[in-house]
Amino acid sequence: MRNLTLISSWDSPIPRSNITATAFDLDENVIYVSSERNNLDGEVEIDLWKIDQSQGLDKAPSTPELVSNFHTVISSNGPTTAQTLSLRFLAETRQIAAIMRGGDVIMISTELEGSPSDVEGTFETGILAASWNPDESVVAIVTGERKLILLTSTFDIFSEAPLYVEEFGEDTPINVGWGSKQTQFHGSLGKSAAQAAPKIKMGTSPDDDNLPRISWRGDGAYFVVSSLSPEKTPDTPTHRTLRIYDRQGVLQSTSEDVAGLEHTLIWRPSGNLIMSTQRFGFEGGGAGREGRHDVIFFERNGLRHGEFSLKVDQLSVKGKRPDDATDRKWGYRVRELAWNSDSTVLSVWVEGNDGDVVQFWTMGNYHWYLKHEIAAPTSSSSKPGQFTSLSWHPEIALHLILTTTSKMIQRVYSWDSFVSQSSPPNDSGTVAVLDGSSILLTPFRSQNVPPPMSSYQLSVSPDLSLKSPIPAHSTPVYVTFSPENDALGVLWEHGYVEIWSLKTRLLPGPGKIMDPSKLFEEIIHESKDTRWRQVAVRLNGPDSYSVTVLGTGPDSPTDTIALLRVKGSNMDSIHKFQLPSRNCRLLTGSVVDTYQGPDGTIFHYTEEANIALPVARFPEFCIHVHKIVIPPTTPETEEHVLYVGLAKSGKLYASKSDDESRTMSKNTTSFTIASGFVIFTTTLHEVVFAPIALLSKLFEQTDAAAPKEIPPDWPTRKVERGSRIVVAVPSSMSLVLQMPRGNLETINPRPLVMEVVKQDLDAGNYRKAFFACRKHRIDLNVIVDHDPEAFAERIPSFVEQIPEVEHLNLFLALVGRGSHSPEFIAKCCDGFQVELEKRDLVKYVNSILTAHVVKTPPDHEAGLALLLRLRETDPSVVEEAVKYIIFLVDANQLFDTALGMYDFSLVIMIAQHAQKDPREYLPFLRELRALDKYYQRFRIDDHLKRYEKALRNLSLAGPERFEEAVAYVESHQLYESALAIWKGTEQYEDILNSYGDWLYERREFREAASVFVEAKRTTKAMYAHEKSLAWQELFDLAVLDGMPEDDIVAMGYRVAEDLASKKRHAEAGRVLLDYCKDIREAVIALVQGSAFSEARRIISLNGTPELLEDVVHPALLESRVQISEDIGEMQEQIRKQVARLRELRIKKIEEPDAFYGMEDDVALHNVDVMTDVSMPATAFTRYTVAPTSASRSSRRTSRSKRKMERKIGSGRKGTVDEEEYLLKSITKLVEKFAVTKGEVRSLLPHLFQFTDEHREEGSKLQREVGDFEQEIQEALDEIWARPPSAEGDEEPEQIGWAARMAEIEKRKAINPLDKVPKPDLSQTKDWRVKLMVHK
């Protein structure tokens, strides 16, 4: 739903010339123009002019410079037509190739001084048509002998063939006759009639110029030739035929015969269509009404493929003139067709008796729109204006070059959407689409009508009685909407202006969607040839408008502004003034007196001030610009004004001053402003919502470049590929997108919906916010989340606005499932409960029940209590209320809750409405009714598994049930509750005894002992102490209890044995010495624990020196041997690991890829390497084909992911983690060696104090440990020796399995020495006996 708008135009007059052709030098940005004139010798002289455009399209082109002149013979094939058939700049040789109709091929060297020309060759019979392929490697020529010749760029012939041949070509179709006329039944006429060829007379259009045409496909692989076939018989007159060739000159296909086919020919650059024109309604023409004129399409195989009709009735140049009425039968003809470089715009050059016009046609949703018309400027004479050539720029898609006899005209266009910019609540979202003299209007707030249809088709046409220096045509150039009301402004290029009141219906309902009426029409009279291109309409007061019109004169260096004051249907005043520069842009909408210069500067300008005041600046010219106001964030700050613009490069800019701008995005395709957001689409097929309030953060950055990623506080949403924004309608919270094929899609993005919902919530309009959330499937919790405290206070207002019970039930159910704390949810539910009971308990009983059951935890008892109240006051409501609460809550749960309230009538009522089987619950209820009160409640609580409450009721049932209570306590482990219940009673000790037994069985011996002591069960307490090895408490309790001496000794041996098994040798020795009086066993226990000093003290204290030789001496030697074995094992380990580290580090340097495992890419962990290409799903199997087993097995589950994480760092040999594993292992070895040195430190003094054998073993041990200490220190120094390197900065921890695995892979190349610190070997000092060192 876009239109073409003119953004730049330049005229380059060449005096005393007759311009016929143009050529482009894309490297130097130069345009060459050829001009022809006949001399007295019967030859034609060609002047070659150069126009430099290297400064860009925002600057005026240079003055035309004559660079070369040459002459050639005049062709006899068309002496009155232009002699230059083709003018092409060849970039490879830096030459211009001029192919002349007379047969000469002339090369002009632009690099040499004077640009000399040279005739490369001559075709004696002349040249009828010539065309270069897009890559300038091949040129196709049709000679006067009707031969097709292909030449290289050096003009070497590599293909020559006659143009007229009988064969179809290499792609001849095969027809088996299925469905054809010959295979059908024809009644009495028989097969002869079916096989007879239809008699259709093929002819040519009277407007045909009888010359061939050549057109190449965009990729240069094929070209098409249109030519007249020779007349065979009087019944078969000449007619046009299309022939398609490949670039080798081999005929591929021939078109089907088309009556009335004309000379025009163009192959769409994208390659899918060949286009020509066809006339209807004359002998030899197409079958149709007279005057019909179509642009028709062919495929590469020569078959027809659609068409569209020219709007002949709207042509303003087809008037018949008496002097040349016989030249054109219909008063006009189509001269040429031309596609722009990206195949989006088809230009149709129409020659009329009243002048020439160029039409722009575009296609959307399989409909062709007439978007724009350019009338040829009139000359100083009375002759109508005519064009002499038309061409599109090869690279800039919407850059058009037109020439007249005396000037070259450059026009640059852009796509623009004519959208209503009215503010809520009057925003209609109306979009205008131009289609010839019709304006297709659709208000998207009320209707979404897909193009090419529309809600209303407004037919407009200029008043031809109002004369203008510029020829009038029917298609407007610009349409605008008033931002204040529903007015539409229409502008034609010759200065005709109309204002319409649309009277759009905004709300649904019967009646017309629009009822337009014309308010004003006038033409801007201008003495010079000014072409107007943009208009803005604003409402000044009741029935009063101001109209601003922007235009440019052909030779004026500045733009012209016309200000019209309209009162009613009359023009009150008109005022004109000049802007500072040419090719400016008028900012429409709510902006006044603001323009954009061609360099991207936004400035205010009024004639009174007579100075351009810059307010913003973009790095480049932006076609679409919006002004936005950022509200102040605090009362102390002021509002900021920003201008946001989208350039042709796809960059979206924001600027707040003439020297400060920022890039918001580099890949934008469209944007708009709505609901506090800058909304734009990107080439990544997503729509981004940039909050206007946060745009000031862009200017806090020092870098003006676009952010690498979209900020996280800018919401995004995926859209269909190639989607563009048409319009955003804030009131309906909708965003209309158009797909590349032309169809529309209306979405309601969450940011737009939430913005309106927030405004409604701030205003207290809960009903509108509620239904907006419900319609757009937004969680109703946002009503509470927006301002929880304010909502809690406004619950009465909420209930007042939304009195419907079902809506309240839905809202309360969702609030209960929200993310708020249980306390806040309970507060809100209580507020609703109080308010609803205050209003009408009976009406809102279901809502009150909902408020009870959605709490966390649910308050089912309160809901059932409400039912009991209603049963007494209003029994008729209870039945429906019971059904509703059963709908909310599981019936069995409600049954249990009612049972827990000990109200059997309520239980029966719930059971009956829940349709429970009476056989399931009535016997149980009868059994309960027969019991006394507390035992009945005990049975109910036990049934409901409320064991603590059941125990309390059982304790109240009488002392005769104490044994049952103890059994119940033991069954459900209710000891703490039982202790609290029976504390201070006679049964307290029995409860303690049972509790102690339970702890003893659970092997919690220490706790059991304490309980048994409290219960005065001494024997059990001693058993528990003995099991827990609490020997101090055990012997203390035994002595106090008066245990016999023999029993104490026996118990001492048992306890000592258990302590020794737990490596508590010192305690075992103490028990044996103190309670068993066994010195020898005590010494044995001490030396087993390496407590040699304590053992020697006990021996000397008790006077038993024989134990030294019997016990201590052998134990010292055994300890020495054990330490030596440990040192040997550690020595073997360190040597193996150091050798392996050396090997790994050599491999790391020589084979880094193999060492780091580059073949294992984490990004491929979840990639299914198996494809299904060999067996694609068909139309019958695509719904039944199961995924492959490889696909199922190759995907990693959570379990396999955790297993893989555990594998990493496990140190498996050959993996990249092995080195780190070895370093950690050596660190643990150093810690183990430190413990060993502590043992050596306690052992050495004793070895040196006994026999020579002990002294010698001590010396050996000291040397072994010292040598190993030195060896391990050298190994550590070697292993942790690192080259000097810069340490990287730490990065934040990654979350998620994929991120963790990626981080692990990233850290593989990190030196493991950076992750494993070097261990400290000097932790245990002074372990040696220094006296032995010096001996």
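Computed from a prediction, not measured in an experiment: that's the story for all the values here. Here, residue 1 is the first one in the sequence, and each next residue gets the next number.
Under the 3.5 Å distance criterion, with hydrogens and angles disregarded, a donor-acceptor pair is assigned to the side chains of Q53 and Q410. Side-chain polar atoms of D486 and T504 form a donor-acceptor pair below 3.5 angstrom. A side-chain N or O of N340 and one of D342 form a donor-acceptor pair less than 3.5 Å apart. The closest side-chain donor-acceptor pair between Q578 and T560 falls under 3.5 angstrom. E262 and T264 are not linked by any side-chain donor-acceptor pair at a separation below 3.5 angstrom, with hydrogens and angles left out of the test. Side-chain atoms of T552 and R582 include no donor-acceptor pair closer than 3.5 Å. Side-chain N/O atoms of T405 and N18 include no donor and acceptor closer than 3.5 Å. Counted by atom type alone, N583 and S8 present one or more donor-acceptor pairs between their side chains at under 3.5 Å. Side chain to side chain, S461 and S437 fail the donor-acceptor criterion of an N or O pair below 3.5 Å.
The only member of F308, Y369, W349, W339 that meets ring pair (Phe, Tyr, Trp, His ring centres under 6.0 Å) when paired with W361 is F308. For the pairing with D435, the side-chain hydrogen bond (donor to acceptor under 3.5 Å, both in side chains) check across H367, K371, Q457 returns one residue only, H367.
For R2, the salt bridge (charged side-chain N to carboxylate O under 4.0 Å, His left out) test picks out no residue, with sequence neighbours left out. Not counting sequence neighbours, the partners of A647 by the side chain to side chain contact (heavy atoms under 4.5 Å, CB included) test are E620, C622, S649, Y653. Annotation: ring-ring contact (aromatic ring centres under 6.0 Å, His included) contacts of F444 (sequence neighbours excluded): none. For E521, the salt bridge (charged side-chain N to carboxylate O under 4.0 Å, His left out) criterion is met by K518, not counting sequence neighbours. Listed by chain and residue number, nothing satisfies the salt bridge (charged side-chain N to carboxylate O under 4.0 Å, His left out) test with K627 (two or more places apart in sequence, or in another chain). Applying the salt bridge (charged side-chain N to carboxylate O under 4.0 Å, His left out) rule to R335 yields the partners E351; only residues at least two apart in sequence or on another chain are considered. Residues satisfying the side-chain hydrogen bond (donor to acceptor under 3.5 Å, both in side chains) test with T480, not counting sequence neighbours, are none. Every residue two or more places apart in sequence or in another chain that forms a ring-ring contact (aromatic ring centres under 6.0 Å, His included) with F24 is listed here: H393. Under the ring-ring contact (aromatic ring centres under 6.0 Å, His included) criterion, H604 pairs with no residue at all, not counting sequence neighbours. Listed by chain and residue number, T403 satisfy the side-chain hydrogen bond (donor to acceptor under 3.5 Å, both in side chains) test with T388 (two or more places apart in sequence, or in another chain). The ring-ring contact (aromatic ring centres under 6.0 Å, His included) search around F360 returns H372, W392, Y413, not counting sequence neighbours. Every residue meeting the side-chain hydrogen bond (donor to acceptor under 3.5 Å, both in side chains) condition with R445, not counting sequence neighbours, appears here in chain and number order: D427.
Annotation for Q55: atom CD does not count as buried by contact number, only 12 or fewer foreign heavy atoms lying within 6.0 Å. Annotation for K503: atom NZ counts as buried by contact number, over 12 foreign heavy atoms lying within 6.0 Å.
Classification of the Y605-F603 ring pair by plane angle, with boundaries at 30° and 60°, yields perpendicular.
Residues T588 and Q534 are in side-chain contact: their nearest non-hydrogen atoms beyond the backbone lie under 4.5 Å apart. By the 4.5 Å heavy-atom criterion applied to side chains, S35 and W49 are counted as neighbours.
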(message) Test salt bridge (charged side-chain N to carboxylate O under 4.0 Å, His left out) on R531 and D11; report intermediate values, then the result.
(response) CA-CA 12 Å; R531 293 179 180 266; D11 292 358; over 6 Å; no
(message) Between R505 and D515, does the salt bridge (charged side-chain N to carboxylate O under 4.0 Å, His left out) criterion hold? Intermediate values first, please.
(response) CA-CA 9 Å; R505 174 171 55 81; D515 188 16; over 6 Å; no
(message) If you apply the rule side-chain hydrogen bond (donor to acceptor under 3.5 Å, both in side chains), what do you find for R411 with S9, and how did you get there?
(response) CA-CA 4 Å; R411 285 189 158 215; S9 64; 5.6 Å; no
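Nearest heavy-atom pair, V726 versus V419, reported as atom, atom and distance to 0.1 Å: O-CG2, 3.5 Å.
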